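Reading through the C-alpha cells given below for one structure.
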Amino acid sequence: MRTPIVIGNWKLNGSKAMAEALVAGILAERPGLSDIEMGVCPPFVFISQVVAQAAQAGMGVGGQSCAEHVTGAYTGEVSAEMLRDVGCRYVLVGHSERRTLFGETNAVVARKTRVVLDAGLIPVLCVGETLEERQAGNMNAVVGGQIEAVVDAVGIQAFDRTIVAYEPVWAIGTGQTASPEQAQAMHASIRAQLAAHSPAIAQAVRIQYGGSIKPDNAAILFAQPDIDGGLIGGASLNAEDFLVICRAAAGSLRLS
Ligand code: PEP
C-alpha cells in the first residue's frame with residue numbers, strides 16, 4: 001500500500017500574511033487527513049516561517065528548486081543543504097517551468113536530484129511531455145528519457161527515497177487536465193520502466209499526477225491504480241480547494 005501524497009507548489013505567489021493564513025487554514029483540517037502525506041512548497045523566503053507553523057502539525061515543507069552545486073560563488077542560488085538546514089523535507093526537481101523557462105536539461109535535473117539526495121531530502125522528480133510531443137506520439141519516449149537520465153545518475157536504489165510527479169506540460173496552469181486514462185497510462189508506463197530496473201522499487205515508488213488538478217477532478221484521477229496523489233499548483237493557493245483535493249486523496253485509499 002502506497003501512502004498518497006499531496007504537495008502544493010505555490011510558485012511565485014504569496015506574502016508572509018498570505019502564507020500564515022493559508023497554512024493555518026490547511027492545518028485546521030490536518031488531523032482528519034492523517035492517512036495521507038501532505039506538503040507545501042512556498043517561495044524560499046517564506047520557508048522558515050512555514051516550517052515553524054507546519055512541522056509539528058505533520059505537514060512537510062519543500063523547496064521549489066535548488067542549486068545543482070553544494071556551495072560556492074553562485075549568486076542567487078539556494079542549496080539543498082540550506083533547505084535541509086531550515087527544515088525542508090522535499091525539493092521539487094525538474095519542474096517543467098524550470099526546464100522550459102530556466103533551461104534545465106535532463107543532465108541538470110539529474111545533478112540536482114543527486115544533491116537533494118545527498119542532503120538527505122526527498123526529491124520530487126517532475127517529468128512530462130509538451131503538447132507537440134504528445135501529438136507526435138513521443139510522450140512515452142520523452143518521459144522515459146527524463147526518468148532514465150536520473151536513474152543513470154543516482155541509481156535505481158535512490159528511488160526508494162524519490163517521488164515522481166508526472167506533469168504533462170500542456171496541462172500545467174492551463175485548466176486542461178490529462179484524462180484519467182491518459183494519466184493512468186503514463187503512470188503505468190513510468191512504473192514499468194522502473195520495474196525493469198527493480199520490481200520492488202517500482203512497486204513502492206509514489207507517482208503523483210500534476211496538471212490543473214482541481215476540487216472537481218481530483219477524485220477520479222486519484223482513483224487510478226498507479227496515481228498516488230498530486231502535485232498541485234493553482235489550487236494549492238486556496239486552503240479549501242487544497243483540502244478538497246487532499247480529502248480526495250484520502251478517499252482513494254478507501255477504494256484500493
Ligand atoms: C504545477 O505547477 O506543478 C502544477 C501542476 O500547476 P497547476 O496545478 O496550476 O496546473
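Order of appearance sets the numbers: ligands from 1, and atoms from 1 within every ligand. Here, residue 1 is the first one in the sequence, and each next residue gets the next number. The structure displayed is predicted, hence computed values, not measured ones.
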*Could a heavy atom of A171 be found less than 4.0 Å from some atom of ligand 1?*
yes

Practice item. Report yes or no: does a heavy atom of G211 sit under 4.0 Å from some atom of ligand 1? Key: yes

Is the count of non-hydrogen atoms from other residues, nucleotides or ligands lying under 6.0 Å from L12 atom CG greater than 12? no

Here the atoms of ligand 1 under 4.0 Å from any heavy atom belonging to S212 are 7 (P), 8 (O), 10 (O)

If you scan protein heavy atoms around atom 1 (C) of ligand 1, the nearest is H95 NE2, 3.2 Å

Item to complete: Compute whether any side-chain donor of one residue and acceptor of the other, for K112 and S65, lie under 3.5 angstrom apart.
Response: yes

(Q) Within the structure provided, determine whether Q208 and V164 are in side-chain contact (heavy-atom separation under 4.5 Å). (A) no

H187 and Y166 aromatic ring geometry - parallel, tilted or perpendicular at 30°/60° bounds | perpendicular

The answer for which part of I172 has a heavy atom under 4.0 Å from ligand 1 is both

Inset, instruction - Using distance alone, determine whether G210 and ligand 1 share an N or O pair under 3.5 Å. - result: no

Query raised in the report: Taking N or O atoms only and a 3.5 Å limit, does K11 qualify as a polar contact for ligand 1?
Result: yes

- prompt: With a 4.5 Å limit on heavy-atom distance, are the side chains of P4 and F222 in contact?
  reply: no

pair L117-R161: side-chain heavy atoms closer than 4.5 Å: yes

Exercise. Would you mind reporting whether L83 and I47 have side-chain heavy atoms less than 4.5 Å apart?
Key: yes

For G173, the atoms of ligand 1 under 4.0 Å from one of its heavy atoms are 7 (P), 9 (O), 10 (O)

ask   = Heavy atoms, side chains only, cut-off 4.5 Å: are Q64 and H95 in contact?
value = no

the protein heavy atom lying closest to atom 8 (O) of ligand 1 turns out to be G233 N, 2.9 Å

shortest atom 5 (C) of ligand 1-to-protein heavy-atom contact is with E167 OE2, 3.0 Å

the protein heavy atom lying closest to atom 9 (O) of ligand 1 turns out to be G234 N, 2.8 Å

Practice task
Decide whether the shortest distance between a heavy atom of K214 and an atom of ligand 1 is less than 4.0 Å.
Solution key: no

